[in-house]
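The block underneath contains the structure these notes are about, expressed in structure tokens.
Both counts, for ligands and for their atoms, begin at 1 and track the order of listing. Numbering of residues begins at 1 and proceeds along the displayed sequence.
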Amino acid sequence: MDFVERRLRDHAVTPGGILDLGCGTGLHAIEFARRGWNVAGIDLSEEMVAKAKSSAARSGLPVPFRQGDACEIGPERNFDAVVSLFHVASYQRDPASLEALFRTAHAALKPGGVFLFDYWYGGAVLAQGVETRVKVIERKPLRLTRIAQSDHDEANATVFVNYTLFCEDTDRSTIRRVDETHRMRYWFPFEVESSLKACGFQPDGNYAWYSDGAPNSKTWAAYSIARKRLAP
Ligand SMILES: C[S@@+](CC[C@H](N)C(=O)[O-])C[C@H]1O[C@@H](n2cnc3c(N)ncnc32)[C@H](O)[C@@H]1O
């Protein structure tokens with residue numbers, strides 16, 4: 001959050017209206033609200049939106065969340081900034097869907113407003129290749145083990161990440177298994193920039209996540225900043 005806020009501030013955007021496209025359970029949106037932004041959030045998943053709404057209610061912050069497809073222009077207008085965080089752009093499967101996401105952001109922004117989003121950077125995916133990864137998170141009495149096995153469809157610049165999650169309650173000796181597949185499209189900055197331009201944005205640059213430098217083969221996560229052009 002500090003990093004995203006700093007990058008927005010670098011582009012002369014200070015707390016005002018911000019729209020979170022693909023807000024998930026609202027973690028970022030609610031934190032933006034806590035920091036004084038007027039936030040709204042949209043997510044495709046009804047379940048995620050329900051969680052976001054109850055978290056906002058618990059924190060006493062008035063964040064309007066709605067279920068919807070961020071690839072369809074909604075009623076949101078006049079925002080100072082739009083963010084789409086944690087690879088929402090890579091959940092879009094093809095250039096037409098990516099542009100649809102960009103058009104929603106464009107419609108929601110004021111002229112001159114700023115759009116910041118991250119994505120899987122193709123250069124790093126190709127350089128590093130996909131491999132099986134295991135992550136364990138422990139918060140007693142819970143232990144979450146996540147196994148990610150990926151299949152790479154290079155012809156379509158897509159990685160299918162097959163997650164198997166084991167959720168253990170070590171006090172009760174129970175274990176639950178969850179399986180999901182995430183289909184991720186990796187992008188290259190030249191594709192992102194040409195789509196942004198086609199949708200009325202002035203691209204400001206593509207960067208390695210948590211840095212102000214260019215994406216490189218070591219940086220799987222990249223982000224892009226663009227400004228809505230003042231004149232169409
Ligand atoms: C990895 S999660 C990130 C959630 C949130 N942005 C965060 O940082 O915690 C990706 C989210 O994108 C949402 N998403 C993907 N495609 C979408 C679309 N077309 N419209 C709205 N939400 C979408 C998913 O439902 C999911 O909640």
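Using a 30° and 60° split on the angle between ring planes, F32 and W37 fall in the perpendicular class, above 60°.
Under 4.0 angstrom from ligand 1, the non-hydrogen atoms of Q92 all belong to its side chain. For C23, every heavy-atom contact with ligand 1 shorter than 4.0 Å involves the backbone, none the side chain.
Residue contact check for ligand 1: M48 places a non-hydrogen atom closer than 4.0 Å to it. Using a 4.0 Å heavy-atom cutoff, G68 is listed among the residues neighbouring ligand 1. Contact annotation: H182 has no heavy atom less than 4.0 Å from any atom of ligand 1.
A cation-pi arrangement is present between R133 and W220 under the rule of less than 6.0 angstrom and at most 45 degrees off the ring axis.
Listed by number with element, the atoms of ligand 1 under 4.0 Å from a non-hydrogen atom of D69 are 18 (C), 19 (N), 20 (N). The distance from ligand 1 to the heavy atoms of Y91 drops below 4.0 Å at these ligand atoms: 1 (C), 10 (C), 15 (C). For ligand 1, the atoms lying closer than 4.0 Å to a non-hydrogen atom of F86 are 1 (C), 3 (C), 8 (O). Shown in contact with C71 at under 4.0 Å from a heavy atom are these atoms of ligand 1, numbered in order with element: 19 (N).
One finds a salt bridge joining D2 and R35 here, because a Lys/Arg side-chain nitrogen approaches an Asp/Glu carboxylate oxygen to under 4.0 Å. The pair R176-E168 fails the salt-bridge criterion, with no side-chain N (NZ, NE, NH1 or NH2) lying under 4.0 Å from an Asp/Glu carboxylate O. Under the 4.0 Å criterion applied to side-chain N and carboxylate O atoms, E99 and K197 are not assigned as salt-bridge partners.
There is no side-chain donor-acceptor pair under 3.5 Å between N162 and D179. One side chain, Y186 or H152, offers a donor N or O that lies under 3.5 Å from an acceptor on the other. Side chains of H182 and Y163: no donor on one and acceptor on the other come within 3.5 Å.
Among all protein heavy atoms, the one lying closest to atom 9 (O) of ligand 1 is H28 ND1, 3.8 Å. Nearest to atom 26 (C) of ligand 1 among the protein's heavy atoms is D43 OD2, 3.6 Å. For atom 20 (N) of ligand 1, the nearest non-hydrogen atom of the protein is A70 N, 2.8 Å. Counting only heavy atoms of the protein, atom 23 (C) of ligand 1 lies nearest to L44 CB, 3.8 Å.
Around atom 14 (N) of ligand 1, the closest heavy atom drawn from D20, V88, L27, T25 belongs to V88. Of the listed options S45, A52, G22, G24, G22 places a heavy atom closest to atom 6 (N) of ligand 1.
Here CG of N206 is found 9.5 Å from OH of Y223. Values are rounded to the nearest 0.5 Å.
Taking all atoms of both residues into account, the shortest heavy-atom contact from Y121 to N216 is CE2-O, 3.3 Å.
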